[in-house]
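Keep in mind that what you see is a predicted model, and the values were worked out from it rather than measured.
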Amino acid sequence: KDSMGSGRSAVLVEGIYGYVKEGDGSPVANAGVSIFDGFTLKSVKTDSAGRYKIAELPLSADQYAILFFTKEGYIPEAENLKIREKTDMEYSTILKRGDMGHNGFVIGTIYRPIRGGKIQFQSGIYSFGKGRQVTLERDHEVIKNETDQEGHFLFEAPAGRYTLSGEGLRERAEIEVVTGQTVIQNLRSGMVLVD
């Protein structure tokens, strides 16, 4: 057994790249593309052609990461990506314009990350909370929503400070919704530790 721990290099994906466009095919420049690996959120912006690239992700094959696509004035999108080993992955999306008035968006996922392993280090998202109730609260206003088949939730809410919580979760998040902007806030439902 190698005491140098060579099995610990978790960088298996060369990178993720793609385009963000509108329905008519025109590029969405300066859109935010964020990847969440269960532990950190890393963000880049699209260029004038709507292209983005996120290089070197510390993720293990067969685990998941989530891509978030955001831009002021557009409805945010989230996509779960299953990581394949040592390949560049392409993911492109279409963003739709949203008429939000004084509202902003909150997007996120209920997720369970995985971490650890002596023989092979693993890092990434292990599973998602599908069909779980998520609540956004402010004073006595309560907005409820349910996660979809991918474990994602999306709220459109008036600007202000809120508490975000999920059914059966200990973790709560204090968030600030800003007019026209998107807040990305994921809720963890525990963790899988690999020995």
Side-chain angles (χ1 to χ4, degrees), residues 5 7-18 20 32-44 52 54-70 75-93 95 105-137 143-156 162-175 182-195:
R8 286 203 172 273
S9 72
V11 180
L12 287 172
V13 178
E14 302 294 320
I16 293 175
Y17 67 94
V20 180
V33 182
S34 305
I35 188 157
F36 181 67
D37 64 5
F39 301 93
T40 52
L41 188 69
K42 180 177 175 176
S43 302
V44 297
Y52 74 92
I54 302 169
E56 293 200 346
L57 305 167
L59 285 162
S60 305
D62 294 334
Q63 303 304 331
Y64 288 89
I66 312 163
L67 278 179
F68 292 99
F69 298 92
T70 58
I75 299 164
E77 289 280 329
E79 185 63 40
N80 296 346
L81 279 190
K82 188 161 193 181
I83 300 303
R84 296 192 307 266
E85 201 158 340
K86 293 189 171 54
T87 50
D88 264 3
M89 292 176 69
E90 185 189 352
Y91 188 80
S92 295
T93 196
L95 281 184
F105 287 110
V106 179
I107 194 169
T109 306
I110 293 182
Y111 71 100
R112 238 176 123 185
I114 188 166
R115 181 142 262 186
K118 287 189 177 70
I119 296 169
Q120 188 187 0
F121 183 74
Q122 291 189 67
S123 183
I125 295 169
Y126 180 72
S127 62
F128 297 92
K130 303 167 186 176
R132 302 272 282 281
Q133 191 160 293
V134 184
T135 307
L136 199 57
E137 276 176 84
I143 313 170
K144 288 184 188 294
N145 217 323
E146 204 169 89
T147 58
D148 64 15
Q149 281 312 105
E150 301 266 285
H152 305 150
F153 55 85
L154 177 63
F155 289 97
E156 184 179 330
Y162 293 85
T163 301
L164 180 73
S165 58
E167 176 191 346
L169 304 183
R170 284 197 305 271
E171 198 174 275
R172 301 166 78 82
E174 302 297 322
I175 56 172
T182 297
V183 177
I184 298 171
Q185 181 66 60
N186 298 301
L187 293 171
R188 197 170 97 173
S189 70
M191 182 162 164
V192 181
L193 289 168
V194 188
D195 185 40

Checklist entry - Side chains of Asn145 and Leu136: does their closest heavy-atom pair fall under 4.5 Å? => result no

Next on the checklist: Do Ile75 and Leu154 have side chains that approach each other closer than 4.5 Å (heavy atoms only, starting at C-beta)?
Outcome noted: yes

Item to check | Residue pairs involving residues 127-137 (criterion salt bridge (Lys or Arg N to Asp or Glu O under 4.0 Å); sequence neighbours excluded) | outcome: Glu137-Arg172

For a quick test of reading the model, state the closest non-hydrogen atom pair linking [X] to [Y] and the distance between them.
X	Y	result
Thr147	Gly131	OG1-N, 2.9 Å
Glu90	Gly18	CG-CA, 4.3 Å
Gly190	Pro113	O-CD, 3.0 Å
Gly124	Gln63	CA-CB, 4.0 Å
Pro76	Thr70	CB-CG2, 4.0 Å
Phe39	Asp37	N-OD1, 2.7 Å

Answer yes or no: is there a donor N or O on one side and an acceptor on the other, between the side chain of [X] and the main chain of [Y], under 3.5 Å?
X	Y	answer
Ser189	Ile110	no
Asp88	Gly15	yes
Thr93	Val20	no

Checklist outcome for this item: By ring-ring contact (aromatic ring centres under 6.0 Å, His included), Phe105 pairs with (sequence neighbours left out) none

Item to check | Residues in ring-ring contact (aromatic ring centres under 6.0 Å, His included) contact with Tyr91, at least two apart in sequence or another chain | outcome: Phe69

Next on the checklist: If you take the centroid of each ring, where Trp contributes its six-membered ring, are Tyr162 and Phe155 closer together than 6.0 Å?
Outcome noted: no

Name all residues meeting the side chain to side chain donor-acceptor pair (under 3.5 Å) criterion together with [X]; count only those two or more places apart in sequence or in a different chain, and write none if there are none.
X	result
Glu156	Asn103
Asp148	none
Thr163	Glu174
Glu150	none

Can you tell me how far apart [atom1] ([X]) and [atom2] ([Y]) are? Round to the nearest 0.5 Å.
X	Y	atom1	atom2	result
Lys144	Glu167	NZ	CD	9.5 Å
His152	Phe128	NE2	CZ	6.0 Å
Glu79	Leu67	CD	CG	7.5 Å
Gln133	Ser165	CD	OG	9.0 Å

Item to check | Lys82/Asp62 under side-chain contact (heavy atoms from CB on, under 4.5 Å): CA gap, chis, key distance, verdict | outcome: CA-CA 6 Å; Lys82 188 161 193 181; Asp62 294 334; 4.0 Å; yes

Checklist entry - Looking at residues at least two apart in the chain, or sitting in another chain, which of them share a side-chain contact (heavy atoms from CB on, under 4.5 Å) with Ser127? => result Arg112

Next on the checklist: Can you list everything that forms a side-chain contact (heavy atoms from CB on, under 4.5 Å) with Phe68? Sequence neighbours excluded, please.
Outcome noted: Ser34, Phe36, Leu41, Ile66, Ala78, Ile107, Thr109, Ile184, Asn186

Next on the checklist: Show, in sequence, the C-alpha distance, side-chain angles and deciding distance for Arg188 and Tyr111, and conclude whether the side-chain contact (heavy atoms from CB on, under 4.5 Å) test is met.
Outcome noted: CA-CA 5 Å; Arg188 197 170 97 173; Tyr111 71 100; 3.5 Å; yes

Item to check | Among Val44, Leu81, Val33, Leu59, side chain to side chain contact (heavy atoms under 4.5 Å, CB included) partner for Ile16 | outcome: Leu81

Next on the checklist: Does Asn80 form a side-chain contact (heavy atoms from CB on, under 4.5 Å) with Ile125? I'd like the steps, not just the answer.
Outcome noted: CA-CA 9 Å; Asn80 296 346; Ile125 295 169; over 6 Å; no

